[in-house]
Amino acid sequence: MKEIAIILACVPLYVINSFCDKYVSSKSGGAKGFFYNSVKFFICALILVPFFVTDAAPRFEWGAIVCGAGCGIMYAVNKTIMLEGYEKSSVPFMSFCHAAGMILPCVIGHFFWGETMKFTALCGMLLAVVSVVLLKGGKSAGKKWESAGIIIGVVVFLMSGGVMIMQKFMGLYFTEQSVIAYNLYSFIVAFGSIAMFVNREKPAENISKKNMILCAAGSAVSLCVISLVMTQMSGVVPSVIMFPLFNGLGIIAVSLGSMLVFKEKMTPSKIIGLFMGVIGLCLINL
């Protein structure tokens, strides 16, 4: 299936985007990531401007504007609040909440868009989510589970799923409108929402602004391509296949790549998680 091949081809971009974010967050100390994320979304918008100008599809329709603005707000909240969540709970918990967002469009697709959800696909989704927890596992170093951490986790889950739902809305209900415009609007809104807080941010400790900008550029290019492809594919590929396949396989690839790039150990729990993830992906695509 051509669409599945295109989604799989985007997985390396998922890895690049995640590695850029992880590298910056590991070097930033107490910084909240406002500068990094604002630069990222600004570059994303710049990349799309030439395509926006030459796009033949309707660019100023309400569907693209509203969906783009909604997606941009959720992008901004999701990218910033996760950093705070790491301090209030633990990395495994926040990673679980982010990855579990793919469940929302799958469930909504079944009940409202007439997409079939087989029992095997449901089992595959559950295995994929569990594998994410195990693969991203780690010790919370004695951090207390504050109520704020749980609330942030719920918000991350909703924002992550909300972005995917906006992609589905564009792919299903506004097929004649510009996908480029939708993504440009989302990046502009995300940039504007985050840029307001840059001056309040504590300076990063172990990374220069130049290196932050380079990482932001790499992450921006990856995010642009991913967003365009996923929005385009969402109208033709069922949610129960697209989102678990892309996010599940992406997390597995990131976990394996982290062993080489960040020297993370492959613990028994991560090996089990990888095994469960592969099985889950196979079940989803049966």
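Just so it is clear, the model here is predicted, and its values are computed rather than measured.
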Under 3.5 Å, sequence neighbours excluded: what are the donor-acceptor pairs made by side chains of residues 212-223?
unit_1: S219; atom_1: OG; unit_2: N17; atom_2: OD1; d: 2.3
unit_1: S219; atom_1: OG; unit_2: K40; atom_2: NZ; d: 3.1
unit_1: S222; atom_1: OG; unit_2: G218; atom_2: O; d: 3.0

Neighbour count above 12 (heavy atom, 6.0 Å) for [X] [atom1]:
X    : atom1 : answer
F60  : CZ    : yes
F174 : CZ    : yes
F52  : CZ    : yes

Just how far is it from atom [atom1] of [X] to atom [atom2] of [Y], taken to the nearest 0.5 Å?
X    : Y    : atom1 : atom2 : result
M196 : F34  : CE    : CZ    : 10.0 Å
N211 : N206 : CG    : CG    : 11.5 Å
L228 : Q167 : CG    : CD    : 10.0 Å
L104 : M159 : CG    : CE    : 10.0 Å

Are any non-hydrogen side-chain atoms of [X] and [Y] less than 4.5 angstrom apart?
X    : Y    : value
F42  : S38  : no
M74  : N78  : no
V189 : S193 : yes
I226 : F246 : yes
K209 : V39  : no

Establish whether [X] and [Y] are linked, either directly or via other cluster members, by ILVMFWY side-chain heavy-atom contacts under 4.5 Å.
X    : Y    : result
L126 : I108 : no
F119 : I279 : no
V198 : F41  : yes
L46  : F35  : yes

What are the two closest non-hydrogen atoms of [X] and [Y], and how far apart are they?
X    : Y   : value
P12  : A9  : CD-O, 3.2 Å
Q177 : A64 : OE1-N, 2.8 Å
M170 : G63 : SD-O, 4.1 Å

May I have the step-by-step check of side-chain contact (heavy atoms from CB on, under 4.5 Å) for C20 and I16, ending in yes or no?
CA-CA 6 Å; C20 288; I16 293 172; 4.3 Å; yes
Polar side-chain atom of S160 near backbone of F157 as donor-acceptor pair, under 3.5 Å:
no
Given 3.5 Å as the limit, does a donor-acceptor pair link the side chain of E201 with the main chain of G33, or not?
yes
Distance-only donor-acceptor hits, side chain of residues 179-187, under 3.5 Å, sequence neighbours excluded:
unit_1: N183; atom_1: OD1; unit_2: S227; atom_2: OG; d: 2.1
unit_1: N183; atom_1: ND2; unit_2: V179; atom_2: O; d: 2.8
unit_1: Y185; atom_1: OH; unit_2: R59; atom_2: O; d: 2.4
unit_1: S186; atom_1: OG; unit_2: N183; atom_2: O; d: 2.6

Distance flag, aromatic centroids of F191 and Y75, threshold under 6.0 Å
no
